[in-house]
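Each remark here refers to the structure printed beneath this line.
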Amino acid sequence: MARLAREFFARDTLTVARDLLGRVLVRLLDGQRLSGRIVEVEAYIGEDDLASHARCGRTERNAAMFGPPGHAYVYFIYGVHHCLNLVTEREGFPAAVLLRALQPLEGIERMRTLRGGLPDHQLTSGPGRLCQALALDRQFDRADLCAPDSLLFVEEGRPVDDANVVVGPRIGVRGDLAAISAPWRFLVRVNGENARPSQSARR
DNA sequence: GGATCGATCGGCT
DNA sequence: GCCGATCGATCCG
């Protein structure tokens, strides 16, 4: 299966976010493939997006968002969790897509171990959960997903048609009305489930 | 099913 | 010193 090239990420962030649904995120861990189908994402676009970490300008922490497309932006939050973003658009413009949920495909046993034996439906359904399931931490911040020897990349998978995509406001965003109401969350409807445009991305 | 709360680190309005 | 692009436990119904 072919890997997504840099041109895929070097587009409008909403286009990339929508197009990432159905693609396959692959993590090579000790030579083993851990992978999952991308089923929920959110876009964070520019310094004017008051929900984005880039809203206060460039810092050491968010530098990856300002970097070239096709790289990872991994941050540590609440003293507990890591979250994975894929950087989009052009270098110098801070934008990225947060991966919020995967459908596990390969290496599920290993993911169960990494997740501490929690129920399977909680393996990769959440930005913090999927990072733990794939053993992703800040070592992957600024990693190039398009480098030939990368341990993290995205494969073409099977794109999702519009009939199976739900769009809605982003989760966990507070404060600014424009940021709260922007319909920049995309998720795949799976067997009629997961079709909740606003609250409770869980389960 | 839903609401609430504590954990616990690092970066900074 | 404060608080976050979250999670999981716990309580309530």
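Letters A, B, ... are given to chains in the order of the sequence lines, protein chains preceding strands, and every chain is numbered from 1.
Using a 30° and 60° split on the angle between ring planes, A/His53 and A/Tyr75 fall in the perpendicular class, above 60°.
At whole-Å resolution of the value, CZ in A/Arg174 and C1' in C/dT6 are 10 Å apart. In this structure, CG of A/Asn85 is placed 14 Å from C1' of C/dT6, rounded to the nearest angstrom. Protein atom NE2 of A/His81 is 15 Å distant from nucleotide atom P of B/dG10, rounded to whole Å. Rounded to whole Å, atom P of C/dA5 lies 12 Å from atom CD1 of A/Ile180. If you take CG of A/Asp137 and C1' of B/dC9, they are 14 Å apart, rounded to a whole angstrom. A straight line from CD of A/Gln122 to P of C/dA9 spans 8 Å, rounded to a whole angstrom. A/Arg185 has its CZ atom 11 Å from the P atom of C/dT6, to the nearest Å. As a whole-Å value, the separation of A/Leu98 CG from C/dA5 C1' is 6 Å.
Within 4.0 Å (heavy atoms only), A/Phe76 reaches sugar-phosphate atoms of the nucleic acid but no base atom.
Contact annotation: A/Thr59 reaches the phosphate of B/dC12 (side-chain N/O to OP1 or OP2, under 4.0 Å). Listed pair A/Arg115 / C/dG8 meets the phosphate criterion, a side-chain N or O lying under 4.0 Å from OP1 or OP2. Residue A/Arg100 places at least one side-chain N or O closer than 4.0 Å to OP1 or OP2 of C/dT6. OP1 or OP2 of C/dA5 lies within a sub-4.0 Å distance of a side-chain N or O belonging to A/His53.
Of the candidates C/dG8, C/dA5, C/dT6, C/dG8 carries the atom nearest the A/Leu118 side chain, counting heavy atoms from C-beta on. When distances run from any side-chain atom of A/Tyr78 to the nucleotides B/dC12, C/dT6, C/dA5, the shortest one goes to C/dT6. Comparing B/dC12, C/dG8, B/dT13 against the side chain of A/Cys56 picks out B/dT13 as the nearest. Considering only the side chain of A/Ser52, C/dA5 comes nearest among C/dA5, B/dG11, C/dC7. Here C/dC7 is the nucleotide among C/dC7, C/dA5, C/dG8 with the atom lying nearest to any side-chain atom of A/Pro127.
Residue A/Arg158 qualifies as open at atom CZ: its count of foreign heavy atoms under 6.0 Å is 12 or below. By the 6.0 Å contact criterion, CD on A/Gln32 is enclosed, its count of non-hydrogen atoms from other residues, nucleotides or ligands being greater than 12. Within 6.0 Å of CG in A/Asp161 there are more than 12 heavy atoms belonging to other residues, nucleotides or ligands.
One finds a salt bridge joining A/Arg18 and A/Asp162 here, because a Lys/Arg side-chain nitrogen approaches an Asp/Glu carboxylate oxygen to under 4.0 Å. A/Arg23 and A/Glu156 are not joined by a salt bridge, as no carboxylate oxygen comes within less than 4.0 angstrom of a charged side-chain nitrogen.
Applying the side chain to side chain donor-acceptor pair (under 3.5 Å) definition to pairs two or more places apart or across chains, those involving residues 102-120 of chain A are A/Asp30-A/Arg110, A/Arg33-A/Glu106, A/Ser35-A/Glu106, A/Arg37-A/Gln103, A/Glu109-A/Arg112, A/Arg112-A/Asp120, A/Arg115-A/Gln132.
Residue order along DNA chain B, read from the 5' end via each residue's closest nucleotide, puts A/Val80 first among A/Val80 and A/Arg138.
For the residue pair A/Ser52 / A/Asp49, no side-chain donor-acceptor distance below 3.5 Å is found, with atom types taken as modelled.
Stem list for DNA chain B (at least 3 consecutive Watson-Crick or G-U pairs, distances under 3.5 Å): B:1-7 with C:6-12, B:9-12 with C:1-4.
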